[in-house]
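Proteins get letters first, then strands, A, B, ... in listed order; numbering begins at 1 in each.
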Number of protein chains: 2
Amino acid sequence: MNLSIAEENYVKSIYKLQEGDAVVTTNALAYELETKPASVTDMAKKLKEKKLIDYEKYKGITLSSEGRRVALQIIRRHRLWECFLVDKLAFSWEEIHELAEELEHVRSEKLISRLSDYLGNPVIDPHGDPIPDAHGKMAKPRPQTSLDQANARRLVVTAVTDQSTALLAFLNAKNIKLGTQLEVIAHYEYDNSIEIKLKQHPAITISEQVARNIMVRPV
Amino acid sequence: MNLSIAEENYVKSIYKLQEGDAVVTTNALAYELETKPASVTDMAKKLKEKKLIDYEKYKGITLSSEGRRVALQIIRRHRLWECFLVDKLAFSWEEIHELAEELEHVRSEKLISRLSDYLGNPVIDPHGDPIPDAHGKMAKPRPQTSLDQANARRLVVTAVTDQSTALLAFLNAKNIKLGTQLEVIAHYEYDNSIEIKLKQHPAITISEQVARNIMVRPV
DNA sequence: AATATTATTTAGACAAATCTAAATAATAAA
DNA sequence: TTTATTATTTAGATTTGTCTAAATAATATT
Ligand SMILES: [Mn+2]
Ligand SMILES: [Mn+2]
Ligand SMILES: [Mn+2]
Ligand SMILES: [Mn+2]
């Protein structure tokens with residue numbers, strides 16, 4: 001089945017919003033793809049026709065098993081290109097998402113398997129997200145929680161859930177990256193901000209919004 | 001100016017067919033792009049509107065200076081990706097053209113300049129074609145002739161003009177690649193075929209059609 | 001110079017992807 | 001359980017890139 005770039009982007013976004021088994025709503029998908037609900041309805045009909053999604057009027061969207069397979073391939077391509085950009089071309093993690101958003105649409109099994117080999121078959125991307133293998137199998141992510149809900153005091157950063165340039169640039173400025181170890185000093189109840197300390201750096205206070213998007217596990 | 005993939009492909013093909021200063025005809029461009037003359041006429045109007053080409057009804061097409069600039073950027077991207085595929089991912093020269101045809105449309109100055117650095121700023125691609133630099137400057141190709149017109153006896157292969165998978169696969173089978181040294185044994189007048197000999201290989205006879213597409217210079 | 005052939009353009013249509021505005025369905029509030 | 005609000009879909013339009021068939025222009029042939 002030959003999918004257009006638009007169709008691939010829809011499938012990928014549906015996968016992302018599904019998070020397991022939840023039904024994806026028209027509005028949520030429109031927001032995610034920065035398009036209009038009417039456009040989503042149009043595309044939903046096409047993707048249903050192609051048997052990539054299950055969809056009934058007013059009932060929301062879920063991926064079919066074929067749709068899931070396709071989504072995982074696209075995600076694989078996306079994340080491998082991200083690894084390439086960071087590991088080989090020395091891009092930083094906030095610059096790569098947009099580029100990978102385009103590179104992911106070059107469809108060639110051979111290209112991607114060679115790229116993966118070339119990169120040493122990585123299993124996580126520069127944002128800490130797992131990379132599906134050629135069969136769509138992903139390493140189950142190690143148990144992790146968002147920083148605002150972590151109990152332990154000594155933590156290591158494992159991923160970021162929001163990959164906006166703005167957040168990643170903020171984290172760069174504060175020297176926080178994947179693998180960074182930090183210690184929670186205090187929770188401030190007033191605004192749910194959190195004071196943390198990185199080795200060799202003075203303590204800083206980060207907002208709840210930032211903390212929610214940093215995934216951590218006990219060191 | 002933001003060009004679509006289709007527009008980029010047109011500009012690149014016009015550049016290729018122009019070969020210096022010749023006017024490009026509607027039919028030639030349609031054939032090159034595997035489309036119909038009517039479609040070319042439609043697109044010519046759009047590219048003229050965008051000031052990328054000079055075009056008057058029935059008078060053919062030439063690139064404007066802006067069009068030339070754009071074409072050289074696309075060619076740069078195409079050839080750098082070809083280098084990447086061969087040098088880093090171990091593709092062979094007949095597989096890379098199609099992939100580069102897609103990769104060339106990822107527009108990012110930064111990506112391409114980093115890629116170029118990463119590859120050691122190569123000046124020729126795996127087919128022997130020169131790679132424009134960031135300003136569109138290309139190394140003037142060293143004087144070369146097609147194998148069927150070469151006078152010298154000892155020659156070295158510098159480029160191939162036809163990059164079809166079929167020709168490149170044929171050359172692979174005969175162990176002919178860029179830099180291969182060969183000796184012309186005989187010209188056969190009957191069908192203009194040429195007998196050549198590679199070091200450590202028995203002599204072989206190649207057709208005029210093949211010889212026309214192999215570029216060489218005296219060793 | 002008239003006629004035939006070839007090249008190019010136009011007219012009109014279509015598919016993909018999108019949009020706005022209006023209609024309808026689902027859900028929440030009164 | 002009506003009524004209001006929100007979510008979703010439909011109707012109809014637009015843009016981009018393409019096509020076929022017909023018309024016209026340019027060129028070649030007689
Ligand atoms: Mn994308
Ligand atoms: Mn990522
Ligand atoms: Mn292309
Ligand atoms: Mn090439």
Side-chain angles (χ1 to χ4, degrees), chain A residues 1-15 17-19 22-63 67 70-71 74 101-102 104-107, chain B residues 1-15 17-19 22-63 67 70-71 74 101-102 104-107:
Chain A
M1 186 159 3
N2 226 22
L3 301 184
S4 68
I5 290 174
E7 288 169 332
E8 284 197 341
N9 284 332
Y10 271 87
V11 168
K12 190 160 64 94
S13 290
I14 295 165
Y15 184 95
L17 295 180
Q18 248 193 255
E19 277 284 332
V23 168
V24 176
T25 66
T26 302
N27 275 357
L29 191 49
Y31 181 80
E32 172 72 19
L33 286 162
E34 296 180 86
T35 183
K36 294 283 140 60
S39 308
V40 170
T41 301
D42 290 343
M43 183 60 93
K45 290 173 186 167
K46 280 186 241 169
L47 295 178
K48 182 187 182 176
E49 189 59 39
K50 294 193 171 189
K51 299 193 188 306
L52 293 167
I53 62 170
D54 296 317
Y55 167 67
E56 295 301 331
K57 261 195 205 180
Y58 298 106
K59 299 261 175 77
I61 297 168
T62 55
L63 288 177
V70 168
I74 304 165
E101 202 56 52
E102 302 197 46
E104 70 187 358
H105 301 294
V106 178
R107 264 149 297 190
Chain B
M1 185 159 6
N2 226 19
L3 300 184
S4 68
I5 290 175
E7 288 168 333
E8 285 197 339
N9 284 331
Y10 270 89
V11 168
K12 190 159 64 96
S13 289
I14 295 165
Y15 184 95
L17 294 178
Q18 246 191 258
E19 277 283 335
V23 168
V24 175
T25 65
T26 303
N27 275 358
L29 191 48
Y31 181 79
E32 172 72 19
L33 286 162
E34 295 180 88
T35 183
K36 294 284 140 62
S39 307
V40 170
T41 301
D42 290 342
M43 183 60 93
K45 290 174 186 166
K46 279 185 241 171
L47 295 179
K48 183 188 181 174
E49 189 59 38
K50 293 193 173 192
K51 300 193 189 305
L52 293 167
I53 63 172
D54 296 318
Y55 167 66
E56 294 300 331
K57 263 195 203 183
Y58 298 107
K59 298 258 175 80
I61 297 169
T62 54
L63 287 177
V70 169
I74 303 165
E101 202 56 50
E102 302 196 46
E104 70 187 359
H105 301 294
V106 177
R107 265 149 296 189

B/K59 has an atom NZ; how far is it from atom P of C/dT8, in whole Å?
-> 13 Å
What is the distance from CD of A/E49 to P of C/dA15, rounded to the nearest Å?
-> 14 Å
Side chain of B/Q18, backbone of B/L63: donor and acceptor closer than 3.5 Å?
-> yes
D/dA7 OP1/OP2 closer than 4.0 Å to side-chain N/O of A/T25 | no
Side chain to side chain donor-acceptor pair (under 3.5 Å) involving A/E8 - partner list, sequence neighbours excluded = A/R77, A/H105, A/R107
Which heavy-atom pair separates B/I61 from B/A44 by the least distance, and what is that distance?
-> CD1-CB, 3.9 Å
Could you tell me, to 10°, how much the axis swings from one end of the helix from C/dA1-D/dT30 to C/dA30-D/dT1 to the other, five pairs per end?
-> 10°
The reported gap from CD1 in A/I5 to OH in A/Y10 (rounded to nearest 0.5 angstrom) is 14.0 Å
Could you go through the side-chain contact (heavy atoms from CB on, under 4.5 Å) check for B/K57 and B/T41 one step at a time?
-> CA-CA 9 Å; B/K57 263 195 203 183; B/T41 301; over 6 Å; no
Anything under 3.5 Å between a donor and an acceptor, one on a side chain of residues 26-40 of chain A, the other on a protein residue two or more places apart or in another chain? List them.
| from | atom 1 | to | atom 2 | distance (Å) |
| --- | --- | --- | --- | --- |
| A/E32 | OE2 | A/K16 | NZ | 3.2 |

Atom pairs and distances, side-chain donor-acceptor, residues 46-56 of chain B, under 3.5 Å, sequence neighbours left out:
| from | atom 1 | to | atom 2 | distance (Å) |
| --- | --- | --- | --- | --- |
| B/K48 | NZ | B/Y55 | O | 3.1 |
| B/K48 | NZ | B/E56 | OE2 | 3.0 |
| B/K50 | NZ | B/E7 | OE1 | 3.3 |
| B/K50 | NZ | B/E7 | OE2 | 3.2 |

Rounded distance (nearest 0.5 Å) linking atom CG of A/L3 with atom CD1 of A/I74 | 7.0 Å
Between C/dA16 atom C1' and A/I5 atom CD1, what is the distance in whole Å?
-> 13 Å
Find the distance A/N2:CG to C/dA16:P and express it as a whole number of Å.
-> 12 Å
Which whole-number value in Å describes the distance from B/E7 CD to D/dT15 P?
-> 15 Å
Close N/O contacts between protein and nucleotides 2-5 of chain C (under 3.5 Å):
none

Taking CG from B/N27 and P from D/dA25, how many angstroms apart are they, rounded to a whole number?
-> 18 Å
Let me see the working for A/V23 and A/K59 under side-chain contact (heavy atoms from CB on, under 4.5 Å), right down to the final yes or no.
-> CA-CA 8 Å; A/V23 168; A/K59 299 261 175 77; over 6 Å; no
A/E56 CD to C/dA26 P, straight-line distance once rounded to whole Å | 12 Å
Which part of the nucleic acid, if any, lies within reach of A/T26 when heavy atoms closer than 4.0 Å are counted: base, sugar-phosphate only, or nothing?
-> sugar-phosphate
Please determine if a side-chain N or O atom of B/Y55 lies less than 4.0 Å away from the OP1 or OP2 oxygen of C/dT9.
-> yes
If a protein heavy atom is under 4.0 Å from the base, mark B; if only from the sugar-phosphate, S; if neither, -; do that for nucleotides 18-24 of chain C going 5' to 3'.
-> BBB---B
Length of the NZ-C1' vector between A/K50 and C/dA17, whole Å | 12 Å
